[in-house]
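Letters A, B, ... mirror the listed sequences (proteins, then strands); counts begin at 1.
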2 protein chains.
Amino acid sequence: MELKQPATVTLAEVAEAAGVGESTVSRVLRNHGSFSGKTRERVMAAVERLGYVPNRIAGTLASTGSRLVAFVIPSLSNIVFPDVLRGASAVLEENRYQAVFSVTDYDPGKEEALVAAMLAWRPAAVMLAGYEHSDGTVKMLRASGCRVVELLDLDGDALDIAVGFSNRAAGRESAAFLLKRGYRRIGYVGHDLNRDTRAGKRFSSFCETLDARGAPLVAREILVGASSVENGRLGLERLLARTADLDAVYFSNDDMALGGYFHCLAEGIAIPSKLAIFGYNGLDIGRAIPQPLSTVRTPRVATGEIAAKLVVANAPSQAVDLGFELIEGATA
Amino acid sequence: MELKQPATVTLAEVAEAAGVGESTVSRVLRNHGSFSGKTRERVMAAVERLGYVPNRIAGTLASTGSRLVAFVIPSLSNIVFPDVLRGASAVLEENRYQAVFSVTDYDPGKEEALVAAMLAWRPAAVMLAGYEHSDGTVKMLRASGCRVVELLDLDGDALDIAVGFSNRAAGRESAAFLLKRGYRRIGYVGHDLNRDTRAGKRFSSFCETLDARGAPLVAREILVGASSVENGRLGLERLLARTADLDAVYFSNDDMALGGYFHCLAEGIAIPSKLAIFGYNGLDIGRAIPQPLSTVRTPRVATGEIAAKLVVANAPSQAVDLGFELIEGATA
DNA sequence: CGTTTTTTTGGCAGCGCTACCAATCTATTG
DNA sequence: CAATAGATTGGTAGCGCTGCCAAAAAAACG
């Protein structure tokens with residue numbers, strides 16, 4: 001079926017049909033300013049009859065601020081970001097804001113280009129992952145005059161608003177937990193850390209903590225590419241082939257850790273007696289496996305919610321620490 | 001740090017600074033129409049110097065078509081939709097289109113409201129999940145004149161463009177596969193099917209196929225709420241408590257099936273000799289567990305890609321069947 | 001009732017940009 | 001060198017809506 005371009009109905013036509021002025025229609029539709037009940041009815045009837053759909057493009061141009069919120073996120077494969085979007089989206093929809101997004105693939109250059117493209121829509125706010133941005137990105141954001149929210153990280157200086165938790169603290173506490181449990185020969189399996197700087201921060205403070213307690217990291221296996229269950233499995237396999245007698249492995253996140261868990265399951269490696277496994281994120285699936293995964297649960301949805309609420313309320317610049325929760329689980 | 005509203009630079013100011021007319025700046029920036037190399041340089045220098053960011057709101061209003069594509073999706077928790085967004089987003093970004101989205105929570109009423117809100121942005125296309133929409137939604141979409149793409153379903157009549165595969169065929173082939181393997185006492189564990197109509201279609205044609213082959217479904221367990229690993233586990237537990245001697249269970253999707261798998265693992269139920277498990281979606285994680293999950297792999301990312309390509313190319317109305325692949329795995 | 005106050009209205013100038021058209025300039029041709 | 005064709009430009013009317021302001025109508029007051 002060919003869809004023909006039906007001459008779109010404009011506000012002026014509604015006004016004409018309702019026998020009132022344009023500004024009256026505008027007021028009724030936005031429920032702003034004053035008008036009589038009778039007028040309201042006539043306008044609504046005309047709207048109904050003509051099938052009028054307001055044009056937000058025109059509305060936004062005419063008024064001052066837009067109700068667009070731009071998300072520039074590294075990935076949609078990593079469940080973290082859909083979770084953040086989910087939390088934010090619920091709040092934004094309630095407040096008649098509209099979410100727009102694009103995906104950087106963890107590439108700062110692409111991030112810069114996408115931020116530029118986003119700013120062209122004159123959003124009320126731009127939401128980004130973390131603190132590591134190119135100079136160009138920072139400059140544009142500063143000059144834009146729109147709100148900037150940096151998500152899921154707290155280890156650095158915020159441009160405007162930051163909502164999240166400390167990845168360094170998460171790395172530190174994970175290390176402390178493993179040490180407290182008596183593990184001394186600890187390894188690490190992770191994905192590309194240059195791109196995922198938050199995972200990098202966790203790892204570096206994890207290592208610092210081990211060093212400080214006199215039980216430095218014994219071995220590491222870094223896989224190219226994104227985190228995934230398969231990479232976690234592969235990573236652990238390689239690590240164990242290279243290094244004997246490890247008693248615990250820290251993974252860059254739960255996806256990777258699950259891969260490690262499955263490897264042990266398949267190879268008959270007893271968890272945690274022979275090898276302990278520790279993840280990061282607190283995914284639901286980690287609680288459904290036979291031995292609940294030991295991990296750190298992060299408030300991903302809440303991060304999105306709070307960020308959206310702050311933007312909607314046009315709150316002052318601030319950093320909000322939502323914290324995280326270490327889940328002892330049964331794998332470490 | 002307070003971000004001050006910096007008087008935004010307009011195209012007129014760039015024109016002034018570059019000593020050329022507004023339309024010339026516009027042509028250079030869009031690389032459209034003709035202009036000399038020298039002019040181009042002067043304009044670009046002025047753009048650079050003033051830090052000009054074009055206003056797409058104004059641009060869209062002034063020109064005819066927008067480069068916005070609206071996604072109205074049921075959920076962000078179900079990985080299916082982030083996958084579709086991912087595929088689409090890559091293509092859209094390449095073509096300088098912008099993705100906007102909102103989430104319906106599988107609620108047709110909310111879908112209608114969100115479609116209305118989306119149409120207010122005069123998108124080039126609206127992308128929706130499946131064919132089941134309220135009358136109001138259909139009416140609005142028809143009247144809107146923008147392209148409509150229905151995703152991930154092919155069992156029904158498309159409004160305009162449809163991209164996906166047949167859920168009925170998937171249900172049918174899954175049943176045929178289990179029967180061919182010799183399973184006769186087959187059960188089902190699923191989530192709320194009124195909302196997820198695609199899962200409902202799979203289930204009903206699964207049952208029809210079993211009936212036709214004289215091995216009707218023995219038992220079912222439907223859980224309220226969304227699909228999840230935990231619900232899958234719980235569902236299988238309940239199903240087995242109620243019904244003895246099942247030899248295979250079909251799950252509404254891989255998340256649910258993984259829950260079932262973990263239940264068996266924890267309870268020491270041998271797979272597939274004692275109980276076979278079959279899922280749907282072909283998630284990566286299903287291949288990383290000790291016994292690869294038997295399932296149907298669906299082209300989710302490709303669905304998004306193709307949909308976006310058709311929209312960008314302003315292709316004629318059509319239904320594109322991307323098919324699916326039955327993965328034999330080791331659990332059935 | 002006339003007057004003052006309050007509530008409702010309509011008119012219209014932009015918002016920043018693009019599309020169209022006419023004007024200007026440059027290169028070509030005979 | 002005039003004439004013609006082609007390449008570059010600038011001017012300007014909207015795109016559809018909102019915000020401001022003044023006019024009109026209704027309500028309140030004395």
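Within 4.0 Å (heavy atoms only), B:T10 reaches sugar-phosphate atoms of the nucleic acid but no base atom.
Contacts of B:T298 classified as side chain to side chain donor-acceptor pair (under 3.5 Å), with partners at least two apart in sequence or in another chain: B:N281, B:R300. Taking the salt bridge (charged side-chain N to carboxylate O under 4.0 Å, His left out) definition, one finds that A:D196 meets it with nothing, sequence neighbours left out. For A:T24, the side chain to side chain donor-acceptor pair (under 3.5 Å) partners at least two apart in sequence or on another chain are A:R27. Applying the ring-ring contact (aromatic ring centres under 6.0 Å, His included) criterion to A:F101, with sequence neighbours excluded, gives B:F101.
Applying the 6.0 Å contact sphere to CZ of B:R67 captures more than 12 heavy atoms from other residues, nucleotides or ligands. Around CD of A:E16, the count of heavy atoms belonging to other residues, nucleotides or ligands within 6.0 Å does not exceed 12.
The stretch residues 48-57 of chain A comes close to DNA chain D through A:Y52, A:P54, A:N55, each having a heavy atom under 4.0 Å from the strand. Across residues 25-42 of chain B, B:R27, B:S34, B:F35, B:S36, B:T39 each have a non-hydrogen atom less than 4.0 Å from an atom of DNA chain D (numbered order). The stretch residues 59-66 of chain B touches DNA chain C through B:G59, B:A62, B:S63, each having a heavy atom under 4.0 angstrom from the strand.
Protein atom CG of A:L11 is 16 Å distant from nucleotide atom P of C:dC12, rounded to whole Å. Taking atom CD of A:E16 as the reference point, atom C1' of C:dG11 lies 15 Å away to the nearest angstrom.
Annotation for A:P82 and A:L76: closest pair CG-O, 3.6 Å, computed over non-hydrogen atoms. Considering all non-hydrogen atoms of both residues, A:N167 and A:K201 come closest at CB-CB, 4.2 Å.
For the pair A:P74/A:R198, a side-chain contact is recorded, criterion being any heavy-atom separation below 4.5 Å from C-beta on. Looking at heavy atoms from C-beta onward, A:W121 lies out of side-chain contact with A:Q98 at the 4.5 angstrom threshold. You'll find the side chain of B:S134 stays beyond 4.5 Å of the side chain of B:E111, heavy atoms only.
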When the side chains of residues 305-315 of chain B are checked against the rest of the protein, which donor-acceptor pairs come out under 3.5 Å, sequence neighbours left out?
unit_1 : atom_1 : unit_2 : atom_2 : d
B:N314 : OD1    : B:R147 : NH1    : 2.8

Please output the side-chain donor-acceptor pairs of residues 47-54 of chain A that fall under 3.5 Å, not counting sequence neighbours, one pair per line with the distance.
none

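The residue among B:R122 and B:E22 whose nearest nucleotide of DNA chain D lies closer to the 5′ end is B:E22.
Between B:T137 atom OG1 and B:L159 atom CG the span is 10.0 Å, to the nearest 0.5 Å.
One axis for each end of the helix from C:dC1-D:dG30 to C:dG30-D:dC1, each built from five base pairs, and the angle between them comes to 30° at 10° resolution.
For the salt bridge (charged side-chain N to carboxylate O under 4.0 Å, His left out) condition, no pair includes a residue of residues 90-99 of chain B, sequence neighbours left out.
The shortest distance between the side-chain N/O atoms of A:S23 and the OP1/OP2 oxygens of C:dG10 is not below 4.0 Å.
Taking the 5' to 3' direction, DNA chain D first and last meets chain B under 4.0 angstrom from a heavy atom at D:dT8 to D:dG16.
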